[in-house]
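Protein chains get the first letters and strands the later ones, always in sequence-line order, with residue 1 at the start of each.
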Amino acid sequence: MTTSHDIIVVGGGGAGLRAAIAAAETIPGIDVAVVSKVYPMRSHTVSAEGGAAGAIAEDDSLDEHAYDTISGGDWLCDQDAVEIFVKDAPKELLRLEHWGCPWSRQPDGRIAVRPFGGMKKQRTWFAADKTGFHLLHTLFQTSLKYDGVHRYDEWYVSKLLVDDGRVQGVVAVELTTGRIETITAKAVILTTGGCGRVFPFTTNAAIKTGDGMALAYRAGAPLKDMEFIQYHPTGLPFTGILITEAARAEGGYLLNKDGYRYLQDYNLGTPTPTPVLRSMELGPRDRLSQAFEHEVAKGRTIDTPYGPVVHLDLRHLGAKLIDTKLPFVRELCLKYQNIDPVTELVPVRPVVHYTMGGVHTDIDGATPVDGLFAAGEVACVSINGANRLGSNSLPELLVFGTRAGRAAAWHVFRHGKEPTQAVLSQAADERRRLQKDVLEHDGGDERISAIRTSMQTTMEESAGIYRSGDSLAKAADTLGELQERLPRAALDDRSLAFNTELIAALELSAMLDVAESIVASALRREESRGAHQRTDFPARDDNRFLAHSLAVREADGSCRVDYLPVTITRWAPGERVYGR
Amino acid sequence: MADTIAMEVARYQPGEDGAPTMARYDVPLRKDWVVLDGLNYIKDEIDGTVTFRWSCRMGICGSCGMTVNGEPKLTCATFLTDYAPGPVRVEPLANFPVIRDLVVDIDDFLDKLSEVKPWIVRDEAPLSAGEYLQTPEQLEEYRQYSMCINCMLCYSACPVYGLDPEFVGPAAIALAQRYNLDSRDEGAAERLDVLIHPEGLWACTFVGDCTRVCPKHVDPAGAIQRYKLTAALDTLKHYVLPRGGR
Amino acid sequence: MSVRQTATAVRGRYQPRISLWWWLTKPSYLLFVLRELSSVFIAWFIVFLLLFVRAVYQGEGQYERFLDFAANPFVVFVNLVALAFVLLHTVTWFVLTPQALPLHLRGRRVPGGLIIASQYVGWLVVSAFVFWLVVGW
Amino acid sequence: MRRRRPVEPLVWLLFSGGGVVTAILVPVLLVLLGLAFPLGWIDPPPYEHIHAVLGHWIARIVLLGLCVLGFVHWAHRFRYTLHEGLKLQRLDAQISLLCYGLALIGSVWAVYILLFTG
Ligand SMILES: Cc1cc2nc3c(=O)[nH]c(=O)nc-3n(C[C@H](O)[C@H](O)[C@H](O)COP(=O)(O)OP(=O)(O)OC[C@H]3O[C@@H](n4cnc5c(N)ncnc54)[C@H](O)[C@@H]3O)c2cc1C
Ligand code: SF4
Ligand code: F3S
Ligand code: FES
């Protein structure tokens, strides 16, 4: 069966909903479909806690936000994109305010802003410590008022249909019934989020399996800067639940096993009782996570069944401040770790959190494939460079979600074409593949969960906070073997109704492709920059690598890495300085 | 502490089973494992066909609601040890049609949610005019009702919804109230028109279990009662002062 | 707007049914039904009250007869049960008032506990007044 | 377009009013009339006293309010109890007629006694 829309938005998170609304508002009467593998309000944007950056304070300026972003990204950001980003971010956040987002306020009723890691000024808007939750529900509820926005809730997109050099739709499985359907469109916007689940220990939800990256990669769009994986310094051990940076912004300390604020040993400034912006605990995430690894090496961390940890100390903040500014942190600690941060130390360790890289797009979200757009964490515009600053991602998905939505609407209006016959037969092939090779595949001797676990441990061991050429090369081999094992996996579940195992198999296949691109890009980048730290190349090398990596899928499935120069407008590459 | 615990999981395969049956699995009993970890263990290690929803594992996405030993719970926030020595009975949320195993159909809620217009109703001011001012006290007025994660535990606990599927139900009414009480909103009258009919507010007989089971302390029961009072006074005004008055 | 083909979607769903005895399945449900049944005893007492008033209006003889009727063990028993239900009604009603009626004093929400407490105080005052009125001391 | 206003909200208002009045007044009256006097915990007041109290027009009005609201309170709650407790949703029209009808009859009786006798 085939249905068609003008635009398909794959993904119902912050980026997807914002793009859908923007498209609906740009061209009246346009028909937009939001296809999401979970109900939109379940998307991972819901988990974001700390806030969203947008310069509005009187002592702040767009240039300072741009500079913090660019230096935080170790000069790998495209500066034209950053300039657009910082200019539009406050507007988008304001629009969310008009749509009902319950931003926290100052006593006089104006928006309140808080400090955040790596930001020199207070510019992070927040809705207590459930910013992403409120942002996503505001967007979702607002989207309900647009008649032109049609939702496919709990549909999994398994393939992009590309022919004649342009994208023409998707093939998707309706989870509840197992129906495999072709949905054609004149433009497709990917907003499927990141791929944290490639790693074993992550803050990311179960759904963050890099599907969109794999879809684009297989459809011929390159993946940019995939080697840059952000570790957040403070995750709860075992669950990987994130303790937001706001906990440090409000004055939390990081202590090693001797109760010592160890960050002072790593060029991050000198300890002060109250937080100082861009210093100590408010340094950028990559540096904090790296400092942790050094503490492990020095034997100054605390051992637990779930690996080494350090302590986050919030006790001196007092119950009152914690309950008003960080209620969710306290709730999470109590509910999932059985710890009360008002009286106890919170064990934390670095945890995979965010993918800086993603589908290569221009500043309008357009990918090199005609009609294919991407926005949000799945995309790499790039404003995050080698390391994203906390609270830049929520505004990113609003700003570039909007731009992609608008650009896609105009694309449909100006260049929209009907699907070709070839695409429909492609769709039929994909249907047959899902049916025969996956669902009805017999006689396999592999378990999906076993392959997934091997992939995750391989990634952690070789592409973690510190990497080396040897370990990466070995990882590339292992991933190749796993790719060969995957077709031998058989499903226990042959049912059509809500077959989560089928989805798990498709997700695993996406994750393997993405993992290969991460390892290939990391292997080629022989320098250390931001979140990519090579033990065999410890210095930054602007001569060779002030460039974006582009992972391109070859016809045989292997990964080729090209480079693209970084756009520099006003800020020449300099040294990243914190704590001074 | 014993090192395993038995989990009894409801299984239902559409087209094959007439009604759900219970299957029994032994899973490791660990101090920090929640019911959802037990289910994932079963799926990964014992039986890949066991079907349930989950995502965030931090009590915020609202997808993992199930009935645990008779009570609606977020399974990612319910420790197995609380049920030791077991067995732990895991069933789908009550009052919803079961799609498969532990997965229920909640589309009915989404339709009702759209009906109550959960968005700011007013002519939008230009962005250049800046934010709509809202003091922390005004924010506090509706904050509690904005915390709903749409987990459907309240619907599962509400016997009225089970008996009368037309009932708009706790979370949707609480969300309508969330916008009514928002100082930026002007849509209260429109929403009242939707909710003033018998299946709207009045079907609720204040059983109160919705509030008792809500993991986010939304207090939908209170929201509905407040709403009834507003609706009643508004109607009174309408009859007493047929023309002016509003 | 959600796109879902109802025809296929509905097929094969298991539609759970609520049993006639649902209110016995959880303590909170049982309490709810008992609370609702308190209304029956309220109705009974009002009838009882009206009979009393009528007797008083009809003269001393009728009044004495009413007192005899009220002293009938069966009537006393019914009233005893009624009292239990009426108290349940009073207590549950007071508990839910702050949920339904958020009060504000100088821009701040009055805490629920305070509302409940002041209801009890009011209740005691009114009861004392009625007692004084009826009994005369 | 505004829908026609249903009467449900007004009935609910009466129901709630009944809830409040009965919650406050019924316990003390029930203890006195139903238990304390018949069981001799307290001597019943002399006839003249009680006649004087109940004959006063304020007492008549207050008691009328209590009785009418109390009946409506019963009718409304009992209707929903039958409706849900016994799964009789299909018979809602008949049940409503029965409950509110009885409440109406009771109220008329109360008016008769309190305003037109003694
Ligand atoms: C715990 C946590 C806290 C964070 N805190 C902050 C913060 O304070 N500030 C900040 O700026 N950023 C924060 N971030 C980062 C930020 O939340 C994310 O980067 C951002 O929400 C990603 O949004 P998205 O719209 O791109 O994707 P998501 O919200 O992840 O949505 C992805 C969507 O794609 C759909 N999808 C995926 N694959 C498919 C498929 N194959 N078929 C159909 N649909 C599919 C999913 O169903 C989902 O709807 C945080 C991240 C985490 C993990
Ligand atoms: S009101 Fe509470 S229980 Fe109901 S859906 Fe919302 S969060 Fe869940
Ligand atoms: S449980 Fe149901 S009856 Fe009302 S108070 Fe809650 S919605
Ligand atoms: S998994 Fe998200 S709420 Fe439990």
Quick one about [Y] and [X] (side-chain donor to acceptor, distance below 3.5 Å, no hydrogens or angles considered), yes or no?
X       : Y       : value
Y161(B) : D108(B) : yes
Y142(B) : D185(B) : no
D219(B) : T211(B) : yes

C148(B) vs R178(B) side-chain heavy atoms within contact, under 4.5 Å: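 Sidechains of R178(B) and C148(B): no contact.
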
Is there a side-chain contact between D209(B) and R212(B) (heavy atoms, below 4.5 Å)?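 Answer yes - side chains close enough.
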
Measure from the ring center of F41(C) to the ring center of F48(C) and say whether it is less than 6.0 Å.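 No, they do not, as the ring centres are separated by 6.0 Å or more.
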
Centre-to-centre under 6.0 Å for F66(C) and F52(C), is that the case here?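 Between F66(C) and F52(C), the centre distance is under 6.0 Å.
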
Heavy-atom pairs under 4.5 Å with chain C: which of [options] has the most?
options                          : value
F96(B), Y227(B), Y12(B)          : Y12(B)
V207(B), L229(B), I224(B)        : V207(B)
G162(B), P92(B), P159(B), G15(B) : P159(B)

Given that the side chain runs from C-beta out, which part of [X] has a heavy atom under 4.5 Å from chain C: side chain, backbone, both or neither?
X       : value
F206(B) : both
D17(B)  : neither
T205(B) : both
R100(B) : neither
E140(B) : neither
L110(B) : neither

Tell me, side chain or backbone of F32(C) under 4.5 Å from chain B's heavy atoms, or both, or neither?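 Side chain only.
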
Please classify the contact between R35(C) and chain B as side chain, backbone, both or neither, with a heavy-atom cut-off of under 4.5 Å.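 Looking at R35(C), just its side chain touches chain B.
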
Please determine if R11(B) and D47(B) form a salt bridge, counting it only when a charged side-chain N lies under 4.0 Å from a carboxylate O.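 Judged by the 4.0 Å cut-off on N to carboxylate O distance, R11(B) and D47(B) do form a salt bridge.
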
